[in-house]
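Encoded as structure tokens, the structure appears first; notes follow it.
Here the structure is a predicted model, which means the values were calculated and not measured. A, B, ... follow the sequence lines: proteins, then strands. Residue 1 opens every chain. The analysis underlying the following values was restricted to heavy atoms, covering all of them including side chains, and did not include hydrogens, waters or symmetry mates.
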Amino acid sequence: MKIAAWNVNSLKVRLPQLLEWLEVQRPDVVCLQETKLEDHNFPQQEIAAAGYQAVFSGQKTYNGVALLAREMPVDIVFGNPHFPDPQKRLIAATVRGIRVVCAYIPNGQAVGSDKYAYKLGWLGALTPWLGEQLAANPQMVLAGDFNIAPEDRDVHNPTSWAGQILCSAPEREAFQDWLGLGLKDSFRLFEQPEKSFSWWDYRMLGFQKNQGLRIDHILLSKPLAARCTAAGIDREMRKRERPSDHAPVTVDIAD
DNA sequence: ATGGTAGCCGCGCTA
């Protein structure tokens with residue numbers, strides 16, 4: 001079973017790439033972020049024709065998440081009940097007995113800003129809810145754009161990013177809290193190349209110079225981590241014409 | 001020196 005997460009930065013623009021990628025990679029579950037579409041504009045027909053059920057929660061211009069699966073997701077929840085939020089950033093659903101949480105964690109803009117305070121509130125509210133989800137569903141995945149680089153090795157230039165947004169101590173502590181719940185960073189279950197990133201700024205030739213950060217993650221509960229056979233980042237999608245600024249991240253789970 | 005690119009449907013905001 002293959003599970004993936006991809007911040008598409010506009011599903012309208014990236015739909016042709018997504019459909020092609022689904023056909024080639026054949027993932028069983030896909031968590032999408034930054035769809036930037038209201039629900040009535042969601043390309044349900046095209047996704048269905050590709051062989052996927054979709055649940056989605058979107059808004060105009062900003063945010064928006066979707067969960068695609070070959071089998072019908074059940075027990076669907078939109079948003080964190082502990083954190084009422086007009087921004088569409090969270091979907092949870094059960095697919096083939098696995099609780100899948102698709103998250104677009106706030107960016108936070110800059111440490112100390114209003115958006116940073118919102119991010120920290122969002123992170124703080126996620127932890128207890130994840131604990132509840134995990135207690136009810138031992139097989140759980142948290143996948144998406146976390147907007148957190150968990151360690152310095154996840155940052156192209158840790159010195160210039162030290163303490164900055166995506167790297168600040170409170171953000172990293174929230175990530176550690178989720179590991180403390182028993183979740184595993186799937187990417188680090190395996191040996192990986194140095195300077196592996198999932199996001200590169202569109203500006204300043206960020207990708208060409210590999211000036212990126214690893215901020216897109218798939219965390220696995222212990223029973224799933226034990227069955228995980230591979231984890232990776234599909235950099236090829238970032239080399240395309242008109243790419244998303246994020247590459248898809250994937251895991252393989254043995255049946 | 002606070003730049004730059006992309007996406008939104010807007011004429012700035014967010015990332």
Using the C1' atoms only, state how far B/dA15 lies from B/dG4, rounded to an integer number of Å.
-> 13 Å
Counting side-chain heavy atoms from C-beta on, which of B/dG4, B/dC9, B/dT14 comes nearest to A/M204?
-> B/dG4
How long is the line joining CZ of A/R203 and P of B/dG3, in whole Å?
-> 10 Å
Euclidean distance, atom CG of residue A/L11 to atom C1' of B/dG7 [Å, nearest integer] | 13 Å
Between B/dG10 and B/dA1, how far apart are the P atoms? Round to whole Å, please.
-> 36 Å
Rounded distance [0.5 Å steps], CZ in A/F187 versus CD1 in A/I218 | 10.5 Å
A/R242 side-chain N/O to B/dT5 phosphate OP1/OP2 under 4.0 Å | no
On the 0 to 90° scale, with breaks at 30° and 60°, tag the A/F42-A/F56 ring pair as parallel, tilted or perpendicular.
-> parallel
Along DNA chain B (nearest heavy atom to each residue), the more 5'-positioned of A/D245 and A/R14 | A/R14
The nucleotide from B/dC8, B/dA15, B/dA6 with an atom nearest the side chain of A/N107 is B/dA15
Expressed as a whole number of Å, how far does the P atom of B/dC9 sit from that of B/dT14?
-> 15 Å
Identify whether any heavy atom of A/Y104 sits under 4.0 Å from a base atom; if not, whether one sits that close to sugar-phosphate; answer base, sugar-phosphate or nothing.
-> sugar-phosphate
Rounded to whole angstroms, how far apart are CD on A/Q87 and P on B/dA15?
-> 8 Å
Expressed in angstrom and rounded to an integer, what is the separation of A/W200 atom CH2 from B/dT5 atom P?
-> 19 Å
note: A/Q33, atom CD; B/dT14, atom P; distance rounded to Å ~ 20 Å
Is the shortest side-chain N/O distance from A/K115 to OP1 or OP2 of B/dT14 below 4.0 Å?
-> yes
Nearest-nucleotide wise, let me know which of A/N9 and A/G108 is further upstream toward the 5' end of DNA chain B.
-> A/N9
To the nearest angstrom, the CG-P distance between A/D201 and B/dT5 comes to 10 Å
Phosphate OP1/OP2 of B/dC9: any A/T61 side-chain N/O under 4.0 Å = yes
Derivation and outcome, side chain to side chain contact (heavy atoms under 4.5 Å, CB included), residues A/L181 and A/T127 | CA-CA 8 Å; A/L181 293 173; A/T127 307; 4.3 Å; yes
Got A/K119 and A/I105 here, is their nearest side-chain heavy-atom distance under 4.5 Å?
-> yes
Quick one: A/E38 CD to B/dC8 C1', roughly how many Å, whole number?
-> 12 Å
Rounded to whole angstroms, how far apart are NZ on A/K36 and P on B/dA6?
-> 13 Å
What distance, rounded to whole Å, do you find between the two C1' atoms, one in B/dT2 and one in B/dC11?
-> 23 Å
Do the rings of A/W161 and A/W199 sit parallel, tilted or perpendicular, given the 30° and 60° boundaries?
-> perpendicular
